[in-house]
Amino acid sequence: MNAAAKPFVSLRGIGKVFANGVMALRDVDLEVREGETLTLLGPSGCGKSTVLRLIAGLLAPTSGAIAWRDANALPGVGFVFQEPTLLPWADVFANVYLPLRLAGVSRAAAAPRVDEALELVGLSAFRGALPRELSGGMKMRAAIARALVTRPAVLLMDEPFAALDEVTRFKLEDDLIALKRELETTIVFVTHSVYESVYLSTRILVLAARGGRVVDEIDVDPEVPRDEEFRLGMQFSCLCRRASRALQGAMGEQVL
Amino acid sequence: MSATEPGEYLPTRSSSGRDIILPAVVLGGGLIAWEAVVRIGAIPAYVLPAPSLIAQTLVKDRDILFPSLVVTLTITFQALFWATLCAIALALAIAQSKWLERALMPFAIVLQVTPIIAIAPLLLVYLAPQEAVLVCAFLVAFFPILSNTSLGLASVDHALLDLFDLYRASPWQRLAYLRAPAALPQFFTGLRIGGGLALIGAIVAELAAGAAGQGAGLAFRITEAGYRLDIPRMFAALALISLTGVLIYAALALLSHLCLRRWHESARERGE
């Protein structure tokens, strides 16, 4: 394991019990390596979103520890929620500016960075539009721009494309891969879609239906170009089959 | 729709013609029918005055009625102003602390459910009539603004709260950039209700107070005209009160529309 692949953040023996007594996670071990696109794949209710929120610091674990490689300088974290979660009264520019505004950056100082983030997601022409004037895909692009504007070391994405139609989703997946190549950000992506996980990631962790334990790990060659060819190819279907089996195994005897 | 780029503002189809003309026709028709019934039936003015006579009375008695209108309006707006200020302050305090909410909400509700007409005579024991009227109007306007603003402040999208947590927003930033704008639609709902109730509170308290002389409001003019069997003047004062209520409502609705039209569904037409 070379230096670049040293765990960027590692979760050890993580348990999470919510205030209402529901145990979301039990003894979960996993690590995120720098520069990878890691997918957490699991059935609904397996706690994969909880893992993401723990990494983001939005929740504290009941037991276990989360360790960042460099504990003294916590890297910036960007988060993309299931819904675009934009401020409905603010235009696209103001929405993307929000994280910097909360950090005390003046509007003038932030403007080039906001414009750059909008450029990255292809929303430059819509900086003055309100969220209600945007399509579902464009709202999600705005949410991604907002997550990127702080130049985070890790981008956490919680089923961001689940509510989009297939054509839009494919386009956004391709754009995300291009973005990732350009920014070299580490991405942790949560999804319940086998195809999405194989297409996007360099590594897939399949989580068990109850307690979120990692039941399988699948590596996807990062060098293979992600395109239509890949999506229709042999390698893709083999990986999908494997991930699909692992997912079925993860469901166990669960009643659906 | 198809020829326009997304993100561009579309000119909205004006609906003001339909919205104004139809009610105006109904109102005009009603007034004409009223006038006709009074004339054909030769109903005496002390039973039912015709609209034309009420209009004449408005002009004839303007030196009595309009100063009273000013008195009632002043009290209504003072009450609404203080009610808005206090309700916002309390709603913000309650939003910060569940303890405060538990401690204070029962009293706010008791004040709300006790009919103002029953409180007014008691207030008159302790306060000068003018002050009592102001306090009454304040009390009825206060609660709807408080409850609606509180609701608005509390019902912020949880994912947005997570977002503000993620970027470690201070309580002040959370309030200024998230809770306050999110609460604006409900605040305006409360303000519209409170505006109407402030007028009702002022009128009811005036009726109970029976304040005469210089500081007499429109409600006193109605009572006074009733004693004198001056029915046309009763109607004229009533018309002024109704008109005032409508204008207060319209002004607050316009304010709400101007503040929310860019983004909130309530201020938009379907299909926009």
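Reminder, nothing fancy here: chain letters follow the sequence lines and each chain counts from 1. These numbers were taken from a predicted model, which means no experiment stands behind them.
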With a 4.5 angstrom heavy-atom cut-off, is it the side chain or the backbone of [X] that approaches chain B, or both, or neither?
| X | result |
| --- | --- |
| A/Arg146 | both |
| A/Thr150 | side chain |
| A/Leu98 | side chain |

Worksheet item: Just by modelled atom types, is the A/Leu130 backbone N or O under 3.5 Å from a matching donor or acceptor in the B/Arg262 side chain?
Response: no
Check the surroundings of atom [atom1] in [X]: do more than 12 heavy atoms from other residues, nucleotides or ligands lie under 6.0 Å from it?
| X | atom1 | answer |
| --- | --- | --- |
| B/Gln78 | CD | yes |
| B/Arg192 | CZ | yes |
| B/Tyr249 | OH | no |
| B/Arg179 | CZ | yes |

Discussion item. Please report the interatomic distance CZ(A/Phe79) to CG(B/Asp162), rounded to the nearest 0.5 Å.
Written reply: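 CG of B/Asp162 is found 7.5 Å from CZ of A/Phe79.
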Worksheet, complete the sentence: Value for CG (B/Leu178) from CG (A/Leu102), rounded to nearest 0.5 Å, stands at 9.5 Å
Shortest non-hydrogen contact between [X] and [Y], atoms and distance:
| X | Y | value |
| --- | --- | --- |
| B/Tyr167 | A/Gly78 | OH-CA, 4.4 Å |
| B/Tyr177 | A/Trp89 | O-CZ2, 3.3 Å |
| B/Leu160 | A/Leu87 | CD2-CD2, 3.7 Å |

Worksheet item: Side chain, backbone, both or neither: which part of B/Leu184 has a non-hydrogen atom closer than 4.5 Å to chain A?
Response: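 Neither part; nothing is under 4.5 Å.
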Response to the item:
In terms of heavy-atom pairs under 4.5 Å with chain A, the winner among B/Asp157, B/Leu163, B/Asp165 is B/Leu163
